[in-house]
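Contents: one structure, followed by commentary.
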Amino acid sequence: MNRHAEVPTESRSKRGDAGDGTALGARVSRIDGLPKVRGAATYALEHRPANLAHAVLVGSTIAAGRVRSIDQTQAATAPGVRLILTPDNIPALKTASNWLGVRPSEDPYHPLTHTIGFQGQHVALVVADGLEQAIEAARLMRIEYDIEPAIADLDDPNIGSGTEVDAMTIAWGDADRALEAAPVRIACEYTTPREYNVPLEPHGLIAEWQDNHLTIHEPSQWIAGMARTYAEWFDIPYENVRLISPYIGGGFGSKALAYGYGALAAQAAKLLGRPVKLAVTRPQTFTAFGGRAETRQKIALGATRDGKLLAIRHRGMNETSTTGTWVERCGGVTAVMYAVPNFSSKHRVVPVNTVTPSALRAPGENPSAWSIESAIDELSYEVGLDPLEIRLRNYAEHDPQANLPWSTRQLREAFAMGAERFGWSKRSPAPRSMRAGHQLIGWGVAAGTYPMRRTPGQAMVRLLADGTAEVLSAAIDMGQGTYTIIAQTAAEALDMPVERVVVRLGDSTMPWAPVAGGSQLANLMVGAVHKAALAARDEMIGLALNDPKSPFRDLQANTLPMGQGRVGGMAIGEFLQAIGRERIEVLRDTFAENGKNPDDAFSNYTTITGGRPPTDGGYSTHSWCAHFIEVRVDEDFGTVRVSRVVSALDCGRIYNPKLAESQWKGGIIMGIGQALLEEGIVDPRNGRVINNNLGDYLIATNADIPEIEVISVGIPDPHASALGGKGAGELPIVGVAPAIANAVFHATGKRIRDLPITLEKLIG
Ligand code: MCN
Ligand code: MOS
């Protein structure tokens with residue numbers, strides 16, 4: 001069952017909040033749902049160009065060292081083989097801009113190298129007429145290596161101390177002194193394993209050249225960014241690349257960038273002069289790009305005897321690769337969740353022989369909440385306070401880090417609504433004091449937050465002669481609901497049913513849009529679409545009033561009604577015909593009035609590697625949530641089942657409750673998987689990810705998931721975005737794992753500080 005808190009009337013759209021109608025705020029079902037269930041929605045690799053060749057990746061079988069020699073005689077003469085790319089023959093590309101839009105060097109980029117930095121690193125690409133032929137030939141490649149000692153993971157005894165990330169240092173007051181003087185202190189270490197991105201649709205692409213023009217069909221969370229990367233690699237104008245990605249089977253952070261295998265496939269297509277398809281296999285998705293880095297965080301809390309925080313000292317660390325730097329910002333939640341007079345957070349990155357880790361739903365905030373929301377729970381038992389009460393006692397009335405007011409922070413409301421629906425007041429405080437037969441029952445709470453990020457984006461709105469409207473943008477929909485909320489926005493602004501709005505996304509030839517990452521896309525795009533649709537409407541009315549051929553010109557009116565496919569009562573098609581126009585078309589971008597440069601769409605949100613939250617306009621803006629979770633732990637076997645979840649979330653104004661609830665439940669489900677199941681297991685001898693498949697890398701399935709109740713407690717936030725919404729996609733995963741660990745402690749009296757919470761750790 002889902003419920004929604006009352007939203008002030010001014011935020012209600014005309015026909016929306018009652019749950020009927022199609023305007024913003026209504027529970028419209030996903031408009032991409034029907035084509036998907038009917039099989040009409042084609043995904044990137046289902047594209048079928050003529051004369052297609054198939055490419056297969058060959059991965060390194062060592063974690064560190066050099067390719068000594070490659071014998072490809074057998075492979076090259078195998079049936080159907082057309083091309084083999086190796087470090088010996090691959091042409092160099094140009095180095096492309098990084099995530100932040102900075103071109104790091106003028107050096108050439110080699111997608112294949114003799115130097116090996118991790119198990120599974122691409123060492124060759126075999127291309128053949130048929131897929132089976134390519135697979136067979138790849139098997140026949142004979143590659144010799146010079147093996148060097150590798151650092152498998154953070155447990156490796158030869159691990160270095162890494163590098164401190166200055167941008168991640170956050171401090172105020174004097175945490176060390178305050179800790180020393182604090183009457184109550186706790187100090188613990190919290191760790192998370194390597195976690196992987198396992199969207200239903202694996203990665204891959206089809207690349208095709210025509211003269212100097214490159215067309216790529218590839219699932220993408222960031223059409224403009226990836227198209228730019230291909231253009232820069234191959235040193236062709238941006239306009240010469242067309243990246244097409246209308247449907248995406250999930251990304252969760254893993255489809256925002258073009259990776260090395262994309263460069264290989266595009267290079268092969270160029271050399272062969274025919275389209276090349278490269279489907280990354282599921283095992284290869286564990287090494288072709290990174291998942292969430294392994295993290296370790298030490299937290300010390302100092303408090304008064306009645307549970308008021310005096311100091312937080314936080315030291316985070318994440319693994320990165322030997323060739324690239326990934327910063328998992330572990331201090332993010334720690335620095336903003338609680339009012340604390342003394343704070344110190346530092347972060348290090350430590351290289352190991354892995355593919356460079358990358359983004360996975362709420363990078364940074366997710367492990368950050370794991371540490372602070374576990375630690376505050378430990379403190380609550382130490383001082384004998386209810387875990388919810390200690391959170392309220394240390395409630396941050398303003399952003400303690402930026403020293404700014406919150407734009408909106410409905411976290412108190414989230415705690416209150418969540419606790420009420422969950423029945424928290426009936427909780428018996430002592431660990432191991434609630435049970436049903438052999439099942440120990442535990443109730444845990446934890447909070448989560450995710451900052452509001454903003455990168456400009458554009459949308460084009462067209463009013464067509466048949467009375468329909470069209471919205472175009474290079475934004476994407478990987479399942480979040482972008483198509484639907486954009487249609488709802490245009491429908492509302494143009495006063496027409498949502499069925500009359502056609503939304504076209506996922507093509508780099510369309511107006512540029514920012515990455516669907518950092519939970520920013522919905523707010524930025526509904527803002528741009530709303531603005532463009534209103535402008536189109538104004539332009540139509542202006543023409544009706546002023547165009548010499550307009551039948552309304554003689555009315556000398558100030559304005560005219562427009563809606564339901566009519567202007568001044570006349571069908572739009574008829575009107576356009578009367579004034580001799582085929583359509584009305586306007587382009588608008590999210591922040592033009594702020595003087596932001598459209599090129600900022602490439603600059604991306606700047607806080608991705610920095611330690612500071614976004615504080616535009618003198619406010620600190622974040623989404624917030626509180627998770628209340630019940631677990632049942634089998635006393636004999638130590639098996640943990642999540643039996644009940646109630647989460648209350650503040651994402652500002654909600655554009656489509658049905659879709660937002662789906663986002664929230666999806667995030668909570670991923671959080672349950674993270675808490676109990678997910679763990680990349682690395683072979684310490686050779687750095688290989690042993691469980692690199694869906695049989696062994698466990699994610700939550702239906703049987704693991706109980707009823708989940710989600711409650712919206714947001715109110716429209718005018719400082720967050722044009723239409724008052726805040727981000728929703730990543731927030732819900734933040735805080736789930738600590739809420740479960742806290743519940744497990746309440747059930748069993750055993751504190752697990754190392755994810756995932758497995759039965760070995762509980763009974764050991
Ligand atoms: N929404 C809403 N009201 C708001 C905000 C959002 O109704 N105020 C709903 C809309 O349906 C919107 C969706 O929530 O389409 C997500 O909006 P937003 O929070 O802006 O997130 P993005 O559109 O930027 O999507 C990216 C985000 C991220 S960063 C990850 S990771 C993630 C996530 O979305 N990956 C997903 N959710 C995912 N959902 C699916 N199905 N698949 C993924 O790969
Ligand atoms: Mo989301 S991990 O920012 O794509």
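Every heavy atom of this structure was used, including side-chain atoms; hydrogens, water molecules and symmetry mates were not.
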Checklist line | Evaluation steps, side-chain contact (heavy atoms from CB on, under 4.5 Å), between Val127 and Leu271 | finding: CA-CA 11 Å; Val127 192; Leu271 294 171; over 6 Å; no

Next item on the list: Show your working on salt bridge (charged side-chain N to carboxylate O under 4.0 Å, His left out) between Glu730 and Arg453 and close with a plain yes or no.
Entry: CA-CA 12 Å; Glu730 290 164 284; Arg453 306 187 189 278; 5.6 Å; no

Item checked: Pair Leu472-Glu585, side-chain contact (heavy atoms from CB on, under 4.5 Å): steps then yes or no -> CA-CA 10 Å; Leu472 290 88; Glu585 177 176 290; over 6 Å; no

Check: Run the side-chain contact (heavy atoms from CB on, under 4.5 Å) check on Arg228 and Trp222 step by step: do they pass?
Finding: CA-CA 10 Å; Arg228 177 190 56 181; Trp222 192 19; 3.8 Å; yes

Next item on the list: Start with the C-alpha distance between Leu57 and Leu125, add both sets of side-chain angles, then the distance that settles side-chain contact (heavy atoms from CB on, under 4.5 Å), and finish with yes or no.
Entry: CA-CA 5 Å; Leu57 292 162; Leu125 185 81; 3.7 Å; yes

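Other residues, nucleotides and ligands contribute at most 12 non-hydrogen atoms within 6.0 Å of the NZ atom of Lys94. Counting non-hydrogen atoms of other residues, nucleotides and ligands closer than 6.0 Å to CD of Glu148 gives a total above 12. Heavy-atom neighbours of Arg504 CZ from other residues, nucleotides or ligands within 6.0 Å: at or below the threshold of 12.
Of the candidates Gln488, Gln663, Arg30, Asn656 forms a side chain to side chain donor-acceptor pair (under 3.5 Å) with just one, namely Gln488.
Under the 3.5 Å distance criterion, with hydrogens and angles disregarded, a donor-acceptor pair is assigned to the side chains of Glu232 and Ser97. At a cut-off of 3.5 Å, with distance as the only test, no side-chain donor of Glu46 or Tyr247 sits close to an acceptor on the other residue. Side-chain atoms of Gln520 and Thr455 include a donor-acceptor pair closer than 3.5 Å.
Nearest heavy-atom pair, Thr322 versus Pro351, reported as atom, atom and distance to 0.1 Å: CA-CB, 4.2 Å. The two atoms that bring Glu328 and Gly364 nearest to each other are OE2-N, 2.6 Å, heavy atoms only. Pro49 and Ile206 get closest at one heavy-atom pair: CG-CG2, 4.0 Å. When all heavy atoms of Gln119 and Ser60 are compared, the pair lying nearest together is OE1-O, 3.5 Å. Here the shortest heavy-atom pairing between Tyr145 and Val67 reads CE2-CG2, 3.9 Å. The nearest pair of heavy atoms linking Tyr697 to Gly680 is CE1-N, 3.7 Å.
Between the side chain of Thr320 and the backbone N or O of Gly324 there is at least one donor-acceptor pair closer than 3.5 Å. Put simply, the side chain of Gln121 gets close to the backbone of Thr115: a donor and an acceptor are under 3.5 Å apart. A distance-only check finds a donor-acceptor pair linking the side chain of Thr484 to the backbone of Ile31 [under 3.5 Å]. Under a 3.5 Å cut-off, the side chain of Gln458 and the backbone N or O of Arg588 do not form any donor-acceptor pair. Asp32 contributes no side-chain N or O that, together with a main-chain N or O of Pro35, makes up a donor-acceptor pair within less than 3.5 Å. A donor-acceptor distance shorter than 3.5 angstrom exists from the side chain of Gln221 to the backbone of Ala516, with no hydrogens or angles considered. Between the side chain of Arg274 and the backbone N or O of Asn51, at least one donor-acceptor pair lies under 3.5 Å. Distance alone, capped at 3.5 Å, is enough to place a donor-acceptor pair between the Ser508 side chain and the Leu243 backbone. Remark: the backbone N or O of Thr95 is paired with a side-chain donor or acceptor of Arg103 at under 3.5 angstrom. Counting only distance, with no hydrogens or angles, the side chain of Asn89 and the backbone of Ile84 share a donor-acceptor pair below 3.5 Å.
Gln133 places none of its side-chain heavy atoms less than 4.5 Å from the side chain of Val81. Considering only heavy atoms from C-beta on, Arg194 comes within 4.5 Å of Val352 through its side chain. Residues His47 and Thr42 have side chains not in contact (no heavy-atom distance under 4.5 Å, counting atoms from C-beta outward). With contacts defined as side-chain heavy-atom distances shorter than 4.5 Å, the pair Trp209/Ile236 qualifies. Side chains of Ile70 and Pro87 form a contact here, defined as non-hydrogen atoms less than 4.5 Å apart. When side chains are defined from C-beta on, Phe286 does not count as touching Val355, because their heavy atoms never get closer than 4.5 Å. Proximity of Tyr196 to Leu360: side-chain heavy atoms (C-beta onward) are nowhere separated by under 4.5 Å. Looking at Leu694 and Val198, their side chains come closer than 4.5 Å, going by heavy atoms from C-beta outward.
With respect to the salt-bridge test (charged N to carboxylate O, under 4.0 angstrom), the residues Lys255 and Glu201 qualify. A salt bridge is absent between Arg66 and Asp146: the closest approach of a Lys/Arg side-chain nitrogen to an acidic carboxylate oxygen does not fall below 4.0 angstrom.
Remark: Arg142 CZ to Ser69 OG distance equals 11.5 Å, nearest 0.5 Å. Expressed to the nearest 0.5 Å, how far CG of Asp538 lies from CG of Leu543 amounts to 11.0 Å. Atom-to-atom distance recorded for Ile90:CD1 and His122:NE2 is 10.5 Å, nearest 0.5 angstrom. Note that OG of Ser29 and CG of Leu659 are 8.0 Å apart. Values are rounded to the nearest 0.5 Å. Going from atom CG of Leu524 over to atom CE of Met452 covers 6.0 Å, rounded to the nearest 0.5 Å. Atom CD1 of Ile584 is separated from atom CZ of Arg537 by 12.0 Å, given to the nearest 0.5 angstrom.
Ring planes of Trp233 and Tyr230: perpendicular class, angle over 60° (limits at 30 and 60°).
The aromatic ring centroids of Trp512 and Tyr238 lie 6.0 Å or more from each other.
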